[in-house]
Amino acid sequence: MFDLKDKVILVTGASRGIGASAAKILAKCGASVVLTARSEDALTELCDEIKTDGGKAAAITCDVATYQDVEKAINFTIETFGKLDVLVNNAGVIDPITRLVDSDPDAWDQVVDINFKGVYHGIRAALPSMLSQGSGTIINISSGAATYVLEGWSHYCSTKAAVLSLTQAVHLEHQEDGIRSIGLSPGTVATHMQVAIKDSGINKVSQLDPSVHISPDWVGQAIAYLCTPDADKYCGTDFSLKTDEGRLAVGLPTVS
Ligand code: NAP
């Protein structure tokens, strides 16, 4: 368990999957957590669960594709808990999975709006308050798809590659200002996203047996680790949970 007391952390895409697991774990580590996503009922339920367990949490709906929504969620965080220490840009989608020639331009565009521009929106809205306090951490949930292209995933791979560029851009421009910018490549995780991938039947990831996927709790623990100074050496890069080095750093069982 990592010590995150006094930290204020906003998690996007916290209504289920990795974001929901991360929010619970970050709260157990002592952080005050702000949960955001589009599904209000799921957020309220999770927020109540965290508070019942003795954690500090608040929730606000937010569509990361809309800059005003993201700015509102950051302002809400600062109004509720006094500051923002960590932004976890986790919200992401992979549907519809389809080859380029069959892709629908509007649906492809929507994935860009969420996976890529959503992360930019978070960074742009969070940086002013982080810079004025002289510290802050931005964690972008990346993927092996950022550097390895898979059939049917043109939208997903190119947006995750763009997110890796954003991780590096924040590091380049603001590492001297106390801003830590880190990506997290988790490997395959047992969430709704992997159900959608399996249903598609396209490419080798859809053929994986579900038993190989890691628990979203492991990703939540990795996010907690990345909030600590021990992870400083990974700033400006994608930290990988698919390596023994990454697993050991977080305190998880090794791959081999
Ligand atoms: P998931 O279970 O499908 O959850 C996705 C989350 O993103 C949900 O909470 C969803 O909430 C939220 N979301 C989607 N569109 C949104 C929008 N426009 N605005 C705000 N929130 C939005 O998927 P997951 O596996 O936990 O994925 C989380 C992140 O991990 C993604 O960035 C994904 O690319 C990455 N990742 C996953 C895997 C994997 O194997 N699962 C592997 C590598 C990377 P609402 O629908 O309520 O808005």
Side-chain angles (χ1 to χ4, degrees), residues 11-13 17-19 22 64-65 86-100 103 107-124 126 137-175 179-194 196-197 200 202-206 208 212-214 216 218-220 222-223 225-227 231-247 249-250 255:
V11 182
T12 70
I18 291 170
V64 295
V86 182
L87 168 65
V88 183
N89 281 314
N90 165 74
V93 294
I94 197 163
D95 267 330
I97 296 172
T98 165
R99 292 176 181 84
L100 277 166
S103 59
W108 211 96
D109 204 31
Q110 176 68 7
V111 175
V112 173
D113 283 349
I114 297 169
N115 290 10
F116 174 30
K117 284 165 67 183
V119 172
Y120 162 72
H121 291 158
I123 291 166
R124 177 63 185 85
T137 293
I138 295 172
I139 298 170
N140 297 323
I141 305 305
S142 184
S143 165
T147 53
Y148 185 88
V149 178
L150 284 144
E151 186 186 3
W153 290 17
S154 62
H155 53 350
Y156 189 74
C157 297
S158 39
T159 53
K160 289 298 183 183
V163 168
L164 175 55
S165 286
L166 286 176
T167 299
Q168 293 166 334
V170 173
H171 183 67
L172 181 70
E173 294 182 14
H174 292 298
Q175 59 182 305
I179 307 298
R180 303 166 71 251
S181 169
I182 316 180
L184 168 56
S185 178
T188 64
V189 189
T191 67
H192 173 82
M193 185 172 280
Q194 283 298 335
I197 290 168
S200 75
I202 299 180
N203 83 40
K204 61 186 181 189
V205 183
S206 74
L208 292 173
V212 305
H213 305 322
I214 65 168
W218 286 18
V219 189
I223 291 170
Y225 162 72
L226 293 179
C227 293
D232 282 358
K233 61 184 169 200
Y234 298 110
C235 288
T237 72
D238 272 356
F239 172 82
S240 175
L241 262 193
K242 286 204 319 197
T243 64
D244 282 347
E245 178 187 326
R247 295 272 184 95
V250 179
V255 185

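Fair warning: this is a prediction, and the values are worked out from it, not measured in the lab.
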Closer than 3.5 angstrom, by distance alone: can the side chain of [X] be matched with the main-chain N or O of [Y] as a donor-acceptor pair?
X: R180; Y: L226; result: yes
X: N203; Y: L150; result: no
X: T243; Y: G246; result: yes
X: N115; Y: V93; result: yes
X: N90; Y: T12; result: yes
X: H155; Y: P96; result: yes
X: S181; Y: G236; result: no

Would you mind reporting whether [Y] and [X] have side-chain heavy atoms less than 4.5 Å apart?
X: I179; Y: H171; result: no
X: R247; Y: I214; result: yes
X: N89; Y: I139; result: no

Practice problem: For Y156, enumerate each residue passing the ring-ring contact (aromatic ring centres under 6.0 Å, His included) test, keeping only those at least two apart in sequence or located in another chain. | Solution: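 Partners of Y156 by the ring-ring contact (aromatic ring centres under 6.0 Å, His included) criterion, ordered by chain and then number, come out as W153.
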Quiz item: Taking only residues two or more places apart in sequence or in another chain, which ones pass ring-ring contact (aromatic ring centres under 6.0 Å, His included) with Y234?
Solution: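 Result, ring-ring contact (aromatic ring centres under 6.0 Å, His included) vs Y234: F239.
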Quiz item: Checking side-chain contact (heavy atoms from CB on, under 4.5 Å) for the pair I141/I223: CA distance, chi angles, key distance, verdict?
Solution: CA-CA 9 Å; I141 305 305; I223 291 170; 3.9 Å; yes
Could you grab the distance from atom [atom1] of [X] to atom [atom2] of [Y], nearest 0.5 Å is fine?
X: Q175; Y: D232; atom1: CD; atom2: CG; value: 11.0 Å
X: L166; Y: S142; atom1: CG; atom2: OG; value: 10.5 Å
X: N140; Y: T167; atom1: CG; atom2: OG1; value: 4.0 Å
X: I123; Y: H174; atom1: CD1; atom2: NE2; value: 9.5 Å
X: H213; Y: M193; atom1: NE2; atom2: CE; value: 12.0 Å
X: D95; Y: H192; atom1: CG; atom2: NE2; value: 6.5 Å

Over all atoms of both residues, closest heavy-atom pair of [X] and [Y]:
X: D238; Y: S143; answer: OD2-O, 4.5 Å
X: S103; Y: L100; answer: OG-O, 2.6 Å
X: I97; Y: A196; answer: CD1-O, 4.0 Å
X: I114; Y: G92; answer: CG2-CA, 4.2 Å
X: Q194; Y: V205; answer: OE1-CG1, 3.9 Å

Practice problem: Indicate whether the side chain of S154 and that of W108 have a donor and an acceptor atom separated by less than 3.5 Å. | Solution: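 Distance-only check passes for S154 and W108.
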Self-check item: Test side-chain contact (heavy atoms from CB on, under 4.5 Å) applied to V250 and L241, step by step
Solution: CA-CA 9 Å; V250 179; L241 262 193; 4.1 Å; yes
